[in-house]
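First up is the structure itself, then whatever we jot down about it.
The figures that follow rest on heavy atoms only: side chains count, while hydrogens, waters and symmetry mates do not.
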Amino acid sequence: MSDPATQPDLSVVVPAYNERNRLPPSLRAIDAYLRERGLPGELIVVDDGSSDGTAAMVEEMVEEGLALRLIRHPENRGKGAAVRTGMLAATGRLVLFTDADLSTPIADVERLAAALDSGADVAIGSRAVDRRLVQVHQPLARELMGRVFNLFVQAIVLPGLKDTQCGFKAFRGEVAHELFEPLISQGFEFDPEVLYRARRRGMSIVEIAVHWRNNPDTRVSPVRDSMRMFASLFRIRRQVT
């Protein structure tokens, strides 16, 4: 248990796999935001076995003066595994994970934090609550595929949640540890599992509209990953108690 006197108010976890080019501006933006808040913050980067020098680049940024912590996986294990590592290492009162491209601006964490401070256990950024905040859309085929996948998510494990895949989610610190410790999913399918675990435990989940800009340099394979994520929904419902 962290000492309340020294505990960060907010931990930000960024999973990274071969993100040498996209990561620097995101880390600088997060670092600047945490400094401007005037409250103790924590920035954790989890390098998931990158082969492009991502870890070396992060270490260079630390030498430049950015206040962040680097955790390295010796080999690529998947986004879910990387997020889990960061969430379990986080010590903040609130813990956010965000994608390396920062498609949702870091300042939108305030929308999620307000929900957590009002009593929610989990606050998830959503592109579906108010689509007017989506400033750059995905290609039409990919966006339609995402909407179809969400229909299956709602039908099989998470009725009522309109967007489980937005990479911008916040948790109360103790909740993050409780939900991510038993995580089974290693890849992109981890989001429904975490939220299903929260539902099974009677935790409150609030879906919050956030700004979002699509980055065309996605790591998600529309066919391979979508099929694996779809199959995972049945495994989640069967295995998670």
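Atoms CZ and CZ, from Arg237 and Arg200 in turn, are 10.5 Å apart once rounded to the nearest 0.5 Å. The structure places CE of Met57 at 8.5 Å from CG of Asn21, a figure rounded to the nearest 0.5 Å. Between the CD1 atom in Ile106 and the OH atom in Tyr33 there is a gap of 6.5 Å [rounded to 0.5 Å]. Atom OG of Ser126 and atom CG of Leu133 lie 9.5 Å apart (nearest 0.5 Å). Taken from CG in Asp108 to CG in Leu112, the straight-line distance is 8.0 Å, to the nearest 0.5 Å.
Closest non-hydrogen pair, His73 versus Arg77, comes out as NE2-NH1, 3.3 Å. Here the shortest heavy-atom pairing between Arg35 and Gly65 reads NH2-O, 2.9 Å.
The pair Arg84-Glu181 meets the salt-bridge criterion, since a charged nitrogen lies less than 4.0 angstrom from a carboxylate oxygen. Classification of Glu64 and Arg28 as a salt-bridged pair holds, one side-chain N sitting under 4.0 Å from a carboxylate O. Under a 4.0 Å N-O distance rule, the pair Asp130/Lys162 does not qualify as a salt bridge. Between Asp9 and Arg37 there is a salt bridge, since at least one side-chain N of the basic residue sits less than 4.0 Å from a carboxylate O of the acidic one.
A side-chain N or O of Ser185 and one of Arg235 form a donor-acceptor pair less than 3.5 Å apart. Looking only at atom types and distance, the side chain of Ser232 has no donor-acceptor partner in the side chain of Glu189 under 3.5 Å away.
Within a 6.0 Å radius of CZ in Phe152, other residues, nucleotides and ligands contribute 12 heavy atoms or fewer.
At least one side-chain heavy atom of Ile184 sits under 4.5 Å from a side-chain heavy atom of Glu193. Side chains of Phe190 and Val83 form a contact here, defined as non-hydrogen atoms less than 4.5 Å apart.
Checking Val12, Ile71, Leu70 one by one against Val45, the side-chain contact (heavy atoms from CB on, under 4.5 Å) holds for a single residue, Leu70.
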Q: Please step through ring pair (Phe, Tyr, Trp, His ring centres under 6.0 Å) for the pair Phe180 and Phe171, ending with a clear verdict.
A: CA-CA 11 Å; Phe180 279 88; Phe171 306 75; 5.5 Å; yes
